[in-house]
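Take a look at the structure set out below.
The chain is numbered in sequence order, starting from 1.
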Amino acid sequence: MSDFENQSGKRKAAWYEGLTEAPDSPWADRALPPTEISYRTLTYEVTGRIARITFNRPEHGNAITSDTPIELAHAVEQADLDPRVHVMVVSGRGKGFCGGYDLSIFAESGFDPGEPGESAGAPAGTVLDPVVQARNHDSGRTWDPMVDYAMMSRFNRGFASLLHANKPTVAKLHGFAVAGGTDIALYADQIICADDTKIGYPPTRVWGIPAAGMWAHRLGDQRAKRLLFTGDCLSGKQAEEWGLAVESTPADELDERTEALLERIARMPINQLVMAKLALNSALLAQGVANSGMISTVFDGISRHTREGYAFQSRSAETGFREAVRERDEPYGDWKRAQFEK
């Protein structure tokens, strides 16, 4: 084909061609990144123009471990650099999106992790070493808030990769997206969810503050306070009504509606998507997202070292984490999925 025939103006709607699809693509004859990667806590797969990041600890409610933020950030960067990918979707395998941090082992054992296993997210001898963190959470020792912050801020950085990625990110929620799971979801550019998804941050009742600090930025001051002053959760349907989610749908239609949204975004040229996201993020970041995350992360650490925080931790050690959570939430009538059974 001649150079004249290669000109984009000679091809119908050439502006919708992907970066690797055009005859004059800079990626012609170049090896492309892998389309599948398996991690400890999630999987990564590229299908067409969509990168699919799926939390893969269903037997643990996709609970967050020290590996999660590192692997999420790596997967997001993989998608951001892949010229075939136009949009990323983050979801959870099994009964829910993400039930928050895997705290039961710490709460039940007084932050004594026992024998630490190998983990890329918590290398021995660093501030992330679980033994170091256990000692820093020992109520009989002096708590160093900046050792705590050094750990928790790195979780935030990994989760915030969804916000700071050049390309659009979509969080697909079902079942439950609570506690630390919302720290992840609220960093995504778009949220789509099943009507009966449970979304919120119950640990504000005791032993937690949302470290990402994104609630006010996503919902506004009044509605964010309505949730965090009570620890109440929204249903997926309410999340749509409140503007937290762009769409809520019956659970059996979630896959179909998510794919429809992804396909519409994926049709757009990558450079248009990147410019639109950067322009809109400039307003969001100007609101002080970084400061909110910093302050909230410090307060999250403090909340675990108050009189009430120690009482919750001691109760977890005495009766088990699940029982302590039941005692925390039953007075509000929303333990587990009780709010949806009324």
Side-chain angles (χ1 to χ4, degrees), residues 53 55 64 69 72 76 87-92 96-101 152-153 155-165 167-204 208-249 254 257-258 261 265 276-297 299-300:
I53 301 169
F55 296 123
I64 297 164
L72 178 62
V76 168
V87 60
M88 308 168 216
V89 59
V90 183
S91 62
F97 175 73
C98 176
Y101 287 88
M152 289 302 300
S153 63
F155 281 92
N156 273 351
R157 291 178 199 175
F159 303 156
S161 62
L162 294 169
L163 175 66
H164 296 294
K167 297 173 183 176
T169 57
V170 175
K172 172 186 173 184
L173 310 185
H174 77 289
F176 42 81
V178 295
T182 61
D183 285 343
I184 298 172
L186 268 62
Y187 273 127
D189 299 313
Q190 304 269 269
I191 292 175
I192 184 170
C193 56
D195 290 342
D196 61 354
T197 308
K198 182 175 181 176
I199 306 170
Y201 208 96
T204 58
I209 291 292
M214 289 296 293
W215 284 97
H217 298 288
R218 294 306 193 196
L219 280 178
D221 176 71
Q222 287 285 307
R223 285 182 162 171
K225 286 176 178 174
R226 169 62 184 83
L227 294 180
L228 300 189
F229 284 175
T230 62
D232 287 349
C233 290
L234 298 173
S235 67
K237 192 63 179 174
Q238 290 173 308
E240 179 189 39
E241 293 167 354
W242 283 32
L244 181 64
V246 295
E247 185 177 349
S248 180
T249 181
L254 180 60
R257 295 303 305 155
T258 302
L261 173 62
I265 296 173
K277 177 167 179 175
L278 291 175
L280 293 169
N281 271 7
S282 67
L284 182 61
L285 295 173
Q287 295 175 9
V289 166
N291 281 342
S292 297
M294 176 183 67
I295 293 168
S296 297
T297 300
F299 286 166
D300 180 54

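Here the closest non-hydrogen pair linking Leu254 and Leu173 is CD2-O, 3.4 Å. In plain terms, the two heavy atoms of Lys172 and Val89 that are nearest each other are CB-CG2, 4.1 Å. Taking both residues in full, the closest heavy atoms of Ala179 and Pro202 are given as N-CD, 4.3 Å, listed atom of the first, atom of the second, then distance. Contact record, Ser161 with Gly158: OG-O, 2.6 Å, taken as the closest heavy-atom pair. Across all their heavy atoms, Leu228 and Tyr201 have their closest contact at CD2-CB, 4.1 Å. Closest non-hydrogen pair, His217 versus Ser292, comes out as NE2-OG, 2.8 Å.
Taking CH2 of Trp242 as the start and NZ of Lys237 as the end, the distance is 15.5 Å to the nearest 0.5 Å. Here SG of Cys193 is found 7.5 Å from CD of Glu240. Values are rounded to the nearest 0.5 Å. Distance OG/Ser235 to CG/Asp196: 8.5 Å, rounded to 0.5 Å. Note that NE2 of His174 and OG1 of Thr249 are 14.0 Å apart. Values are rounded to the nearest 0.5 Å. Rounded to the nearest 0.5 angstrom, Leu227 CG and Cys233 SG are separated by 8.0 Å. One finds the CZ atom of Arg226 at 14.0 Å from the CG atom of Asp221 (value rounded to the nearest 0.5 Å).
Between the Thr297 side chain and the Ala211 main chain, a donor and an acceptor come within less than 3.5 Å of each other. Although no hydrogens or angles enter the test, the distance criterion places no donor-acceptor pair under 3.5 Å between the side chain of Ser296 and the main chain of Gly293. Using a distance-only test at 3.5 Å, with no hydrogens or angles considered, a donor-acceptor pair links the side chain of Asp189 to the main chain of Thr169. Checked by atom type and distance alone, the side chain of Asp300 never pairs as donor or acceptor with a backbone atom of Gly208 at under 3.5 Å. The main-chain N or O of Ala165 is found under 3.5 Å from a side-chain atom of Lys277 such that the two form a donor-acceptor pair.
Within a 6.0 Å sphere centred on CZ of Arg223, heavy atoms belonging to other residues, nucleotides or ligands number more than 12.
Side-chain contact between Asp183 and Met214: absent, with no pair of heavy atoms (C-beta onward) separated by less than 4.5 Å. With a 4.5 Å cut-off on side-chain heavy atoms, Lys167 and Ile265 do not count as touching. Leu163 is not listed as a side-chain neighbour of Leu186, based on a closest heavy-atom distance of 4.5 Å or more. The shortest distance between side-chain heavy atoms of Phe55 and Ile64 does not fall below 4.5 Å.
Checked options Ile199, Thr182, Ile184; the residue passing with Phe97 is Ile184 (criterion: side-chain contact (heavy atoms from CB on, under 4.5 Å)).
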